[in-house]
Amino acid sequence: MTDLAQTAPRPSRFRKLGRSIGLLRESPIGMVGAFLLLFWIFIAVFADLLPLRDPLAQSAPDLLKPMMSPAPDGGYFWLGTDDKGRDILSRLFYGSRLVLFWSVLATVVAYVVGMLMGVAAGYRGGWWDEVLSFLGNVFLAFPQMVLYIVILSQLGPDSPVGMWLSSQGFSTVWVKGLTIVLAVMFATAPQVARIVRGIVLDLKTRDYVAAAEVRGESPLYIMIVELLPNARGPLIVDACLRLGYVTIAIAALGFLGLGLPPPEPDWGKMISEVRGFGAMAANAMIWPALAISSLVLGLNLLADGLREISLRD
Amino acid sequence: MLRLAIRRLASMILIMFVISVLLFLFFEGDKLNLAMRVLGQYSTMEGRLQWLEDNGYNRPLVIRYFSWLLGFITGDWNESAQFATPVFTFLLPRLANTAILGLCVFVCTVAIALVLGVLSGIAEASFRDRAITVLSVLTTSVPEFASATFLVAVFVYWLGWLPGSSSFSNGFAWNELVLPVAALVLYNFGYYTRMTRASMAEVMGSQYIRTAILKGLPYKRVIVRHALRNALIAPFTVMILQLNYLLSGVVVTEVFFAYDGYGKALYDAAMFGDVYLILAGAMVAVVVAVLSQFISDIGYTYLNPRIRFA
C-alpha cells in the first residue's frame, strides 16, 4: 500500500493548477471569459496607479458632457461626465473595486454557509435534512429580489443591526456592505445548499466515506475533509455562475437605491442617478450598464469554459 | 397525484405561516418610523404614538398577528398604511398588471427559446448552433436594468419610437408594454434556449431518431413528431420553475419603467415599511412559487409517462 503511494507520487497542487490553466487554453470561450474577468481585476487592483481623475471630484461647468470632451485640467473626459460633473471613466474604474470586492465577499460567505448546510443535510439526513431543507424552502419561496428588498429596507444604519455594526467601528460604507452580504447570504445559501445536498447524497455511498466511518472519524471530519473536497467539481462551475448572479443582484440593489451609500461609485447607482435627466444622460447611463454586462459576461463565459473542460475529462 | 397535491399544499401553508411570522417580527422594530413616514417628518411624538394606537399597531404582537391571520383567511387583508386603502383592493389591479407583463414575457420567451433551441439543437456544432449559443450567453449576461438602459437609450432617446415610462397614465397602451417586455425577454430567453438546445441535442443523438431517419421518414416529421416531444420535457420543467426568478426580475424592470405592478408595489411597500402590504405580497409570491412547482411536476408526469408519483 505504502509502496504504491511512493511509486506514483501525487502531482503537487501547483502542478495541478498549472494543468487546469493549460486546459482552459483549449476552450476559446473560457479564454475570452478569463480575459474579461482579468481585465476588471487588473483595473480594480491598479486603479490608483492609472492616470485617473478623482472619482468623487465634481466639476460644476461640466455636467453630463458627452464622450471625449475636454476637461478644465487640459485632459479629456474620455467617457464624459455624470450629472455632478464627475469623470465617468474614473468612477467606472474605481467602482470595479467595490463591485468585485463586495460580490466576491458576499458569494464566499453565502457559499460557506450553503455548503455547511448542504453537507449537513445530505450526510446526516433525517431531522437535519428535514429542518435544513424546510429552512431553505422558506427563503427560496420568495422571489430573490423581494427578499433582498425586504431585508435591506429594514437593515439601514438606524436599525439594530446597523447600529451594532457602527458601534463596532465600521464606517457607513462597511455597514451597508455587510448588510448586503447578509442579504445575499439569506437568498443564495439555500440554493447552494440544495446543490451540495444533492451531490453529497450521491457521494456518501462511496467506499472512502465508509472507510472513514470505520476508522472512527467524527461526522464533522467526514463532512469537511472527505465529502466537501470531492464535491468541488460541479461547485466550481456553479460558483462562477453564482458570482455573476450576485454581481447582478448587488448592482440591481444599487440601482434601486439599496446599495452602497453615495457618493461611492456603485455601477448600479450610476445608472439610477442620471436617469432623471432624460436624453441628455444617455451617455452617462450606457457606460455603467456596459461595465456590469461585460463583467458578468466574463464570468458566464469562464463558467462555460470550465464546464466544457470538466465534461471532456 | 392527490397525495402529492395535499403534501404540497400542507408544506405551502407551513411556509406561508413561517414567513408571515418572520415578517411580523422583522417589521416590529420599525413601527415608530412607519408612523413618522405616514404623518410626515415634522409630526409630533404624541401624534405618532396616537396614530399607532388608533391603527392597532400597539396591541401585543401575538394578538396582532392572529387578528391579521384571521383577516387574511377571511379575505380582509388589513389596510395599507401608505395608501390608506384596503390591501386587497390595492393589490388586485397591480397583480393584474404584472400578470399581463409576465404573460407577454413568458409567451415571447418560450416562443423564441423553442425556435432557437430546436434550430441549434438539431445541428449541433454547426455555425448556426455556435451563433445561437453565443447570442444566448451574451444576452443572459446583460441584467434587466442594463438591457433596459440600452433599450431606452436606443428606442426612446435616439430613435424616439417608444415611450420611456410605462405608467399607463393615459390608460392602457401597447407601446408602453414593449420595452419592459423586451428587457425581460432579452435577459431570460438565453437560459431557456440553452436548456432546449441541450435537450434537443441529446434526443437527436439517440437510437430511435437514427432509426426514424434510416427508415426513411421525412426529416421534418422526425423532428416534430419524434424528437420534439421528448426534447421538451426538461425545458418545460425548467421554464415553469423559473417563474419565481422571472418575478424577481419583474421587480427591477417595473421600478425602471415606473410600471404599476406587483413588483413596484412591493418595492414601495418595503421602502415605506408598509407591513401589511408586504405580508400580502409575500403570501402571493409563496403561492406562485409553490403552484409553479406543482404545475411543473404534473406537467412532467404528463409529458414523461415513465415517471410515477409514489
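So you know, we letter chains A, B, ... as the sequences are listed, proteins then strands, and number each from 1.
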Per-residue contact mode, [X] against chain A (heavy atom under 4.5 angstrom):
| X | value |
| --- | --- |
| B:Ile15 | both |
| B:Leu14 | both |
| B:Phe256 | both |
| B:Arg130 | neither |
| B:Tyr187 | side chain |
| B:Val18 | side chain |

**Study point:** Side-chain (B:Thr149) to main-chain (A:Ala289) donor-acceptor, under 3.5 angstrom
**Key:** no

If you draw a 6.0 Å radius around [atom1] in [X], do more than 12 non-hydrogen atoms from other residues or ligands fall strictly inside?
| X | atom1 | value |
| --- | --- | --- |
| B:Tyr65 | OH | yes |
| A:Arg194 | CZ | no |
| A:Phe39 | CZ | yes |

Separation of [Y] [atom2] from [X] [atom1] (nearest 0.5 Å):
| X | Y | atom1 | atom2 | answer |
| --- | --- | --- | --- | --- |
| B:Phe150 | A:Leu290 | CZ | CG | 4.0 Å |
| A:Ser153 | B:Asp274 | OG | CG | 11.0 Å |
| B:Asp268 | A:Ile149 | CG | CD1 | 9.5 Å |
| A:Tyr245 | B:Thr140 | OH | OG1 | 8.0 Å |
| B:Glu144 | A:Met145 | CD | CE | 7.5 Å |
| A:Leu295 | B:Ser141 | CG | OG | 10.0 Å |

Which heavy atom of [X] sits nearest to which heavy atom of [Y], and what is that distance?
| X | Y | value |
| --- | --- | --- |
| B:Tyr157 | A:Ala282 | CD1-CB, 3.8 Å |
| A:Gly268 | B:Phe145 | CA-CE1, 4.5 Å |
| A:Ala141 | B:Ala289 | O-CB, 3.7 Å |

**Study point:** Contact check, side chains of A:Tyr148 and B:Val251, non-hydrogen atoms, under 4.5 Å
**Key:** no

Check whether [X] gets within reach of chain B through its side chain, its backbone, both or neither, counting any heavy atom under 4.5 Å.
| X | answer |
| --- | --- |
| A:Asp304 | side chain |
| A:Leu152 | neither |
| A:Ile271 | side chain |
| A:Ala281 | neither |

Revision key, fill the gap. Greatest number of non-hydrogen atom pairs under 4.5 angstrom with chain B, of A:Leu253, A:Ile248, A:Leu258, falls to A:Ile248

Review point. Which of the residues A:Leu256, A:Ile292, A:Asn300, A:Ile286 is involved in the greatest number of heavy-atom pairs with chain B at under 4.5 angstrom?
Key: A:Leu256

